[in-house]
Amino acid sequence: MDNPAIVHLLRLVHVLGGVLWVGTVVFLAGFLLPSVRAAGPAGGPIMQQLVQARRLPLWLMGVAILTVLSGIGLYWRDSAGFTSAWLASGQAQVFGLGGVLALSAVILGMAVNSPAGKQLGELTARLHAAGRPPAPDEVATLEALQRKLARATTVAAVLLVLAAAAMAVARYVP
């Protein structure tokens, strides 16, 4: 993978994908999800639109996967196929730490965020289609899903900010 065009493309996909991924998750955790929760049942249609119509979880997962795969490609190149002495350097270890943090966020997104967002969207769609306010048990379910989604998104945001910080400083570590 010594073709400069491929390396530049991988770096472009990695950096732009990372910017989009980290920025979106930080925005969701810090602004959108708290606002939707504060709106109560009125926030349901927003989540329904984001999850079902706009397919935000699928877009985020796609960007995350492209970012991680391009990062693995760059790491492969820098380490000469995961075989060079470079792997023992501080630089390689910090890049590796960033990668592990990002992979942790991907796993969290797949295991918690995506299913919770989907359940939330489906429940609000059913309520909207029925044209009635949620029953007490449905309110409890909505609130539990919102709390779960908010917690997992906050953890993912922290993981991604730390991953981005590691990527930003790794080139300068001896």
Side-chain angles (χ1 to χ4, degrees), residues 1-37 47 50-52 54-121 144-174:
M1 190 186 323
D2 285 331
N3 183 335
I6 292 174
V7 174
H8 293 312
L9 179 63
L10 284 174
R11 187 162 285 124
L12 184 68
V13 168
H14 189 69
V15 171
L16 293 180
V19 166
L20 180 60
W21 183 22
V22 174
T24 301
V25 173
V26 168
F27 172 75
L28 286 169
F31 299 96
L32 185 62
L33 292 178
S35 297
V36 167
R37 284 182 70 193
M47 289 306 296
L50 281 172
V51 172
Q52 292 181 333
R54 303 281 178 186
R55 300 186 183 279
L56 180 64
L58 293 176
W59 281 100
L60 271 178
M61 197 53 57
V63 168
I65 289 168
L66 286 174
T67 302
V68 168
L69 289 177
S70 59
I72 291 169
L74 291 167
Y75 200 81
W76 171 272
R77 179 190 176 273
D78 287 346
S79 68
F82 304 126
T83 61
S84 74
W86 175 80
L87 288 169
S89 72
Q91 183 181 78
Q93 291 173 5
V94 175
F95 275 132
L97 173 63
V100 167
L101 292 167
L103 282 171
S104 299
V106 169
I107 292 166
L108 183 63
M110 292 172 77
V112 178
N113 293 51
S114 208
K118 184 177 180 183
Q119 289 174 316
L120 198 54
L145 286 169
Q146 287 176 342
R147 279 191 308 274
K148 184 178 187 177
L149 190 59
R151 275 193 307 266
T153 303
T154 299
V155 171
V158 170
L159 289 170
L160 290 173
V161 166
L162 291 173
M167 300 299 168
V169 303
R171 288 261 180 235
Y172 308 104
V173 176

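Computation of the quantities below employed the complete heavy-atom set of this structure, encompassing side-chain atoms and omitting hydrogens, waters and symmetry-equivalent molecules. In this text, all values refer to a predicted model and were calculated from it rather than measured experimentally.
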If you round to the nearest 0.5 Å, how far is [atom2] of [Y] from [atom1] of [X]?
| X | Y | atom1 | atom2 | result |
| --- | --- | --- | --- | --- |
| Leu33 | Arg147 | CG | CZ | 14.0 Å |
| Leu32 | Phe27 | CG | CZ | 5.0 Å |
| Met47 | Arg54 | CE | CZ | 14.0 Å |
| Leu69 | Trp76 | CG | CH2 | 14.0 Å |
| Leu58 | Gln52 | CG | CD | 11.0 Å |
| Leu74 | Leu10 | CG | CG | 5.0 Å |

Listing, residues 148-161 side-chain donor-acceptor contacts under 3.5 Å, not counting sequence neighbours, or none:
| unit_1 | atom_1 | unit_2 | atom_2 | d |
| --- | --- | --- | --- | --- |
| Thr153 | OG1 | Asn113 | ND2 | 2.8 |
| Thr153 | OG1 | Leu149 | O | 2.6 |
| Thr154 | OG1 | Ala150 | O | 2.8 |

Taking only residues at least two apart or on different chains, which pairs with a member in [range] satisfy salt bridge (charged side-chain N to carboxylate O under 4.0 Å, His left out)?
| range | value |
| --- | --- |
| residues 88-102 | none |
| residues 160-171 | Asp78-Arg171 |
| residues 18-28 | none |

Does [X] have any side-chain hydrogen bond (donor to acceptor under 3.5 Å, both in side chains) partners at least two apart in sequence or in another chain, and if so, which?
| X | result |
| --- | --- |
| Gln91 | Trp86 |
| Ser70 | His14 |
| Thr67 | none |

Do [X] and [Y] come close enough that some side-chain heavy atom pair is under 4.5 Å?
| X | Y | answer |
| --- | --- | --- |
| Trp59 | Leu50 | no |
| Leu56 | Leu28 | yes |
| Trp21 | Ile65 | no |

Run the side-chain donor-acceptor check on residues 92-112: report pairs under 3.5 Å with partners two or more places apart or on a different chain.
| unit_1 | atom_1 | unit_2 | atom_2 | d |
| --- | --- | --- | --- | --- |
| Gln93 | NE2 | Ala88 | O | 3.3 |
| Ser104 | OG | Val100 | O | 2.8 |

side-chain contact (heavy atoms from CB on, under 4.5 Å) with Ala80: which residues, sequence neighbours excluded?
->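 By the side-chain contact (heavy atoms from CB on, under 4.5 Å) rule, Ala80 matches Thr83, Ser84.
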Go through the structure and list residues passing side-chain contact (heavy atoms from CB on, under 4.5 Å) with Leu16, not counting sequence neighbours.
->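 For Leu16 the side-chain contact (heavy atoms from CB on, under 4.5 Å) partners, ignoring immediate neighbours, are Leu12.
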If every non-hydrogen atom of Ser35 is compared with every non-hydrogen atom of Phe31, which pair is closest and at what distance?
->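 The pair with the smallest heavy-atom distance is OG-O, 2.8 Å.
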Indicate the atoms forming the closest heavy-atom contact of Val51 with Pro57, along with that distance.
->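 Answer, listing the atom of Val51 first, then Pro57: CA-CD, 3.9 Å.
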